[in-house]
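Worksheet: one structure, shown below.
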Protein chains: 2
Amino acid sequence: MRNVAKKQQEPKTAASSASRPYRIEEQVGYLLRRAHQRASAIFQVSIGDPNITPTQYSSMVKLNEYSELSQNLLGRLVGMDKATMQGVVRRLKDRRLVDSRPDPGDARRTLLSLTTDGQRTVNKLLMNGPAVSRETLKPLSGPEQRQLLELLSKIV
Amino acid sequence: MRNVAKKQQEPKTAASSASRPYRIEEQVGYLLRRAHQRASAIFQVSIGDPNITPTQYSSMVKLNEYSELSQNLLGRLVGMDKATMQGVVRRLKDRRLVDSRPDPGDARRTLLSLTTDGQRTVNKLLMNGPAVSRETLKPLSGPEQRQLLELLSKIV
DNA sequence: GCCATATCGTTCGTGTACGCACGATGGCCA
DNA sequence: TGGCCATCGTGCGTACACGAACGATATGGC
């Protein structure tokens, strides 16, 4: 990795008005993107099933808590757009982990539930869930871990 | 929003062995996904140009600091896979915000730089950058904001 | 009962994100 | 000098993410 591209003398940022310079690496949005990237990578190798993604996992965990949920409500519970939810649910249904039936009381809705196979799968993954979080938080001390979770909760 | 779907009596998580229950809403990965979602939404409405995405923005900011960078090196600086970088750069080049030329010293590389239009655009966006971060961190107190940035830096 | 309004799920388009495989090129060392 | 291995950029496949528009259905106010 030679040729490290020499830095310019002064980043002329137009917004560093006598205060601290604006560094992209210090901005929340940037840090959240990077942190999320790392968390996803750890999830993928530690959850125990390379075919399950983080969003699929949270959807299945929620469906395990509630027996049946409409697609939109599930999306609200796990923080996913209905368009995004559509794709997630389709993939889970293709793999026979989730089943659906029309809501008898509301013809607009579809009720989702885990199949037997889906329940078996979530319960297996749930055993690895804590380890995934532990690994992601490993660089932090115990109090720091709790602090981070609390701060993230506040800005979500 | 009636029909809130009744909760089951006990979430039988298989992993809540006498310790605290496993709640998906308390896991780092989940919180990071939600926080990143919110940060992206705030960016989109506050950066001042709805056609610029967060990743495009950080790429342009880095290209503004360094005069010229190869595509791979830029990707490493802003934390993006080379396959992801490819798409980002293509879109910026399509809009004439970024230009490229072959590296005279290494035929494998392409050197990227901002066009005049690109420089004008970044400098305009950089004026809004601090406001985006401020808005994202608004739910937190001053010390909490600094703590969050520090903790995120540690786990990236 | 009727109609304006809202919700539900789908589809389309665009943009990140990354693994994998590929061909071209470069660096290093036997 | 030749060959091995790394790096660079590209292309493909898959998956999240969301705005916008759509048709079907439900609800509340009149």
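The shown structure was predicted, so the numbers you read here are calculated from the model rather than taken from an experiment. Just so we're on the same page: letters track the sequence lines, and every chain starts at 1.
- Summarising the geometry, the separation between CZ on B:R90 and C1' on C:dA17 is reported as 14 Å, rounded to the nearest angstrom.
- Closest approach of A:S58 and B:I24 over heavy atoms only: CB-CG1, 3.7 Å.
- In this structure, A:L112 atom CG and C:dC8 atom C1' are separated by 12 Å, rounded to whole Å.
- For B:K82 and A:G87, each mapped to the nucleotide of DNA chain D holding its nearest heavy atom, the one lying further toward the 5' end belongs to B:K82.
- Residue A:R76 places at least one side-chain N or O closer than 4.0 Å to OP1 or OP2 of C:dC8.
- Distances shorter than 4.0 Å separate some side-chain N or O of A:T55 from OP1 or OP2 on D:dC16.
- The phosphate of D:dC8 has OP1 or OP2 within less than 4.0 Å of a side-chain N or O from B:R109.
- With 3.5 Å as the limit, one finds no donor-acceptor pair spanning the side chains of B:Q27 and B:R33.
- At the phosphate of D:dT10, neither OP1 nor OP2 sits under 4.0 Å from any side-chain N or O atom of B:R108.
- To the nearest angstrom, C1' of C:dG27 lies 15 Å from CG of B:D103.
- Contact between the side-chain N/O atoms of B:Q86 and the OP1/OP2 oxygens of D:dG9 is not found at any separation under 4.0 Å.
- Taking CG from B:D49 and OH from B:Y57, the interatomic distance works out to 12.0 Å, rounded to the nearest 0.5 Å.
- Within 6.0 Å of CZ on A:R90 lie more than 12 heavy atoms contributed by other residues, nucleotides or ligands.
- Checking A:A107 against A:A83, the closest nucleotide of DNA chain D that is more toward the 5' end is the one next to A:A83.
- Expressed to the nearest 0.5 Å, how far CG of A:D81 lies from CD of A:Q86 amounts to 11.0 Å.
- Distance, A:M80 CE to D:dG19 C1': 18 Å, rounded to whole Å.
- The OH atom of A:Y57 sits 19 Å away from the C1' atom of D:dA15 (whole-angstrom rounding).
- For B:D81, whose side chain is taken as the heavy atoms from C-beta onward, the closest listed nucleotide among D:dT25, D:dA6, C:dG19 is C:dG19.
- Computed from coordinates, the A:L92 CG to D:dA15 P distance equals 10 Å when rounded to whole Å.
- Contact annotation for B:T84: base contact, defined as any heavy-atom pair under 4.0 Å involving a base atom.
- Residues B:S113 and B:E68 have side chains that never bring a donor and an acceptor to within less than 3.5 angstrom of each other.
- The stretch residues 28-45 of chain A touches DNA chain C through A:R33, A:Q37, each having a heavy atom within less than 4.0 Å of the strand.
- By the neighbour-count criterion of 12 heavy atoms within 6.0 Å, atom CD of A:Q44 is sparsely surrounded, having that number or fewer from other residues, nucleotides or ligands.
- Taking for each of A:S70 and B:T53 the nucleotide of DNA chain C with the nearest heavy atom, the 5'-most of the two is the partner of A:S70.
- Across the protein-nucleic acid pair, B:N51 atom CG and D:dG19 atom P stand 15 Å apart, rounded to whole Å.
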